[in-house]
Amino acid sequence: MRALWRAVLTSPPYAALTYARSAWFPEPWPGQRVLAPVGRGLRAAVLEGPEENAPKGVTLKDLLWPLDREPLLDAAWMDMARNLAARQMVPLGRILETILPRGLRTAQLTFALADRAGGRFPAGLPPRMLNSMDDASRAALMDIWLAGNMRVRVHPAKEARERQVSLACDPPWPVRPNAKKRIELLDLLLAEGPHSLEALARILGPGAPALAQTLANAGLVRVSYAAEEDDPFESGVGACATPAEELANTGEQEAALAILRTALESSGAESVLVHGVTGSGKTHVYLELAAHCLESGRSAILLAPEVALACALWRAVSTRFPEAERIFYHGYQSPARREASFLRLGHGKRPALVVGTRSALFLPVPKLGMVVLDEEHDESFKQEDRLSYQAKEVAHFRVGSQGGLLVLGSATPDLKTFHAASSGRIPLVTMTHRAGGGTLPSVRVLDITELRDPETPLADAALERLRETLAAGDQAMILLNRRGYAPLMYCLDCGQTVRCPDCHVGLTWHKRSERLVCHYCGHTLSWPLLCPGCGGGNFLPLGEGTERLEEQLRKLVPEPERILRLDRDSARRQERLEDILARFSQGKAQVLVGTQMLAKGHHFPDVTLVVAVNADLGLNLPDYRASERAFQLMVQVSGRAGRGERPGEVLIQTRNPGLPFWKFVIEGDYQGFYEREIALREKYRYPPFVKLALLRLSFPVDWEEGGATVAAFGKALREAAKPLSIMALGPAPAPLARLRGRKRYHCLLKAADWPAIRNLFARLHRDNPAPRHLRLDLDLDPVNML
């Protein structure tokens, strides 16, 4: 009997099918990528393992062709994928489709032959020709494959369609208002970043590729294969590198390294929390551990929550380890570049250092010894779109399966992580002093209750200190955690605000780009416009965002040209982000205005003043983590001040200065804040004392039976939850009750363990009374409660 293998399709329907192996097919291995016939076509698949028996009543097809000559996905990598599939209750094929680079999961391929084998085979061999060959021809071709004279490449037509289109300049663009298709394409790139020509054609229609070329000829976009493009973050000026790497170990760093090296050398898996104040030299500790890892013949992955921070980490690694095998990996890179990194690591034998954002966790790193999550508290480590996963959980599984070390570092750890450390479940390393002799900044709260003038965003004391700082030649950072010019546009004629038709939330005015934008679905209206309600054109912008704050500050400071803004709008293009950080680092600007992007890990020694404008934003959101996030943001942004020789000062503007919360922020008292918050979590049964899941329900706004169906679903939910000892709350309208044309409801599920919640969701999903209309999504340990 021929050997049987189970192959998992890496595209819908994600089926796991059984195939036979012909005599001419070389011995496969689990994790090998193959071409397999499905119906009348071919699909890319990954082999899971041998099968003992064929399904009854099924005629088996033969595996068609291997796509790997040597192992790329080892057993540990496949175990990670299977574990993630079990956690998220999705097919393994969907996991593979999400975490494998696009070129490694497609059947749109061609085989390039270096030797034409005497003219018997064409130089470019499409898979359909393989499918029509007899076994003798396949066996002859297999000899060429095994000799290394035949390689896989993406089909030329597919490769052409995958050329990347990206913005070449920021708005406003010189485009006529009635050129709606051009504006639609430019808006899409602005909102979501680079897209392939194929993706643009799928989203905007078949004419999009030609339109992209027209815009490229006008200099508004770039169209390129992107495989050979330089990564600006990899090759640009080191805007935010920390000097700690060049210093000798401090006493606290040496004590921390003693504990961490012991954990790294342990025969089993270990996790350690490094709780170090801002500027304590955590990066230096990570690099020392990475050196120890390489010396022992193992690889390390160092992760940051955002690309701007990963670039600083990458430059520190490159400076410290110029001869080591190094990979930089993040979402701004082209698909071709990410695929090349994946293959390089999968086929590599040397231990490697990988630096990147959360997706770098899925690289097939050889002999993984350590994973570091810097700023481990950051919610960017949780992915919620496409496939929901928490990077900390994936990292924990990866080091656990290979006996490695997981290092979680932060000045303001996630309360659940700190609770685990305080309870003795994981070791805690504490660093309470800044490296290099710097001191923590002084923090002062300013009452802005009487601040009424919308044209004066800063209190008198803050404005005076800003002018003194600039006069002394120092730098300042101004935080306002809301982007755009104004969050609401109010019609003075009819008294209504301009809202998104799909989400029913106010559209944010972006003055410079001349548009109103929904920050949830991307719906855009050009400005100026007539009121959709009354047809009037008399508007009043309400509230303020970073764009408006920047404009106001330019009127208040002596040198307005020395002000920069850092937020998702000003730094959508990767080159622009790098330019902003480099200019501020080199002292070409004195004031940096921005959102929470300012608060994370940047090292600017000349910053002596930080001002948090409207620091109450986010403190009272309907989210059990609201206080924790606000505390983390305030402490992190405070940590940007006084990192050089001169002392720093932090001014926090609030309309609620009497809140006990501010005392913890002023004193930088993480322990005190933790004790207060953890007591509330225990009292009201929130993590870490329960497992919490958010069940999201949604249905089209025009579905008349929606309300009644949700009510009936809620009754069925509570009945099914009770025997599983699950507390089920809801359904209740979501804080964002309407999004992308769907009405939304939330249910909170609290249980003692995850299996009970998964079992409940599986039952509810199976018994969904209206699967065509009612959409169910389960978010385990949610970070976004909106």
Side-chain angles (χ1 to χ4, degrees), residues 76 242-304 312-314 316-327 350-356 360-361 365-376 391-392 395-411 413 417-418 420-436 601:
T242 169
E245 292 83 327
E246 301 176 3
L247 302 176
N249 293 344
T250 66
E252 284 188 332
Q253 287 172 336
E254 196 58 57
L257 284 167
I259 296 172
L260 292 164
R261 287 189 186 112
T262 300
L264 186 59
E265 293 167 358
S266 170
S267 58
E270 299 280 352
S271 296
V272 179
L273 171 62
V274 178
H275 180 202
V277 298
T278 55
S280 58
K282 294 186 289 293
T283 300
H284 179 68
V285 171
Y286 304 153
L287 297 183
E288 289 289 300
L289 285 174
H292 197 72
C293 218
L294 291 177
E295 290 168 2
S296 65
R298 293 184 291 174
S299 299
I301 300 176
L302 284 69
L303 301 182
L313 200 53
W314 168 250
V317 165
S318 298
T319 300
R320 176 70 184 274
F321 305 101
E323 304 300 324
E325 177 75 2
R326 307 185 313 278
I327 293 287
R350 294 175 58 195
L353 291 179
V354 173
V355 178
L361 266 177
V365 180
K367 299 179 181 178
L368 181 61
M370 179 179 72
V371 176
V372 173
L373 268 68
D374 193 24
E375 310 293 353
E376 67 88 27
K392 278 187 280 192
H396 186 269
F397 182 86
R398 291 212 68 178
V399 299
S401 65
Q402 300 192 49
L405 170 65
L406 173 59
V407 179
L408 304 169
S410 177
T417 306
F418 196 78
S422 300
S423 304
R425 296 200 300 275
I426 63 173
L428 172 64
V429 172
T430 303
M431 300 161 66
T432 60
H433 297 87
R434 283 189 161 176

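One is the number of the first residue; the rest follow in order along the sequence. Note that these values count all heavy atoms, side chains included, but never hydrogens, waters or copies made by symmetry.
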Review point. Can you check salt bridge (charged side-chain N to carboxylate O under 4.0 Å, His left out) on K282 and E375, steps first, answer last?
Key: CA-CA 10 Å; K282 294 186 289 293; E375 310 293 353; 5.7 Å; no
Check your understanding: Any idea which heavy atoms bring V407 and Y286 closest together, and the distance?
Key -> CG1-CE2, 4.1 Å
Exercise for review: Applying side chain to side chain contact (heavy atoms under 4.5 Å, CB included), run through L260 and H292 and close with a yes or a no.
Suggested key: CA-CA 10 Å; L260 292 164; H292 197 72; over 6 Å; no
Check your understanding: Just by distance, do the side chain of S423 and the backbone of A420 share a donor-acceptor pair under 3.5 Å?
Key -> no
Review point. So, for A263 and L405, which heavy atoms are closest and what is the spacing to 0.1 Å?
Key: CB-CD1, 3.8 Å
Review point. Between R326 and F321, which heavy-atom pair has the shortest distance, and what is it?
Key: NH1-O, 3.1 Å
Review point. Is the backbone of E376 close enough, under 3.5 Å, to the side chain of S410 for a donor and an acceptor to pair up by distance?
Key: no
Check your understanding: Is the shortest heavy-atom distance from the side chain of L302 to the side chain of D374 under 4.5 Å?
Key -> no
Review point. Does the side chain of V372 come within less than 4.5 Å of L289's, by heavy atoms?
Key: no
Review point. Taking 4.0 angstrom as the limit, do E254 and R261 come out as a salt bridge?
Key: yes
Point to revise | Worked verdict on T417 versus I426 for side chain to side chain contact (heavy atoms under 4.5 Å, CB included) | key: CA-CA 9 Å; T417 306; I426 63 173; 4.3 Å; yes
Check your understanding: For the side chain of H275 and the backbone of A411, is there at least one donor-acceptor N/O pair under 3.5 Å apart?
Key -> yes
**Study point:** Side-chain heavy atoms of C293 within contact of L264, under 4.5 Å
**Key:** yes
Practice item. Verify, without hydrogens or angle tests, whether Q402 (side chain) and L368 (backbone) share a donor-acceptor contact under 3.5 angstrom. Key: yes
Practice item. Return yes if some donor-acceptor pair links the side-chain N/O of R434 with the main-chain N/O of T278 below 3.5 Å, else return no. Key: yes
Review point. Is there a side-chain hydrogen bond (donor to acceptor under 3.5 Å, both in side chains) between R350 and S299 once you walk through the steps?
Key: CA-CA 8 Å; R350 294 175 58 195; S299 299; over 6 Å; no
Revision key, fill the gap. Residues passing the side chain to side chain contact (heavy atoms under 4.5 Å, CB included) test with T432, sequence neighbours excluded, are E252, T430
Review point. Would V285 and L257 satisfy side chain to side chain contact (heavy atoms under 4.5 Å, CB included), going step by step from the backbone distance to the final call?
Key: CA-CA 7 Å; V285 171; L257 284 167; 3.8 Å; yes
Practice item. Would you check, one step at a time, whether the test side chain to side chain contact (heavy atoms under 4.5 Å, CB included) holds for I301 with V365? Key: CA-CA 8 Å; I301 300 176; V365 180; 3.7 Å; yes
Point to revise | Heavy-atom closest contact (W314 atom, V355 atom, distance) | key: N-CG1, 3.7 Å
Point to revise | Heavy-atom pair with the smallest gap, counting every atom of P427 and S271 | key: CD-O, 3.0 Å
Review point. Of all heavy-atom pairs between E325 and P351, which one has the smallest distance, and what is that distance?
Key: CB-O, 3.6 Å
Check your understanding: Any donor and acceptor pair, going by atom type alone, linking the side chain of Q253 with main-chain N or O of H284 inside 3.5 Å?
Key -> no
Study note, to complete from the structure: Residue set satisfying side chain to side chain contact (heavy atoms under 4.5 Å, CB included) with A395, at least two apart, ordered chain then number -> L361, V371, L373, L406
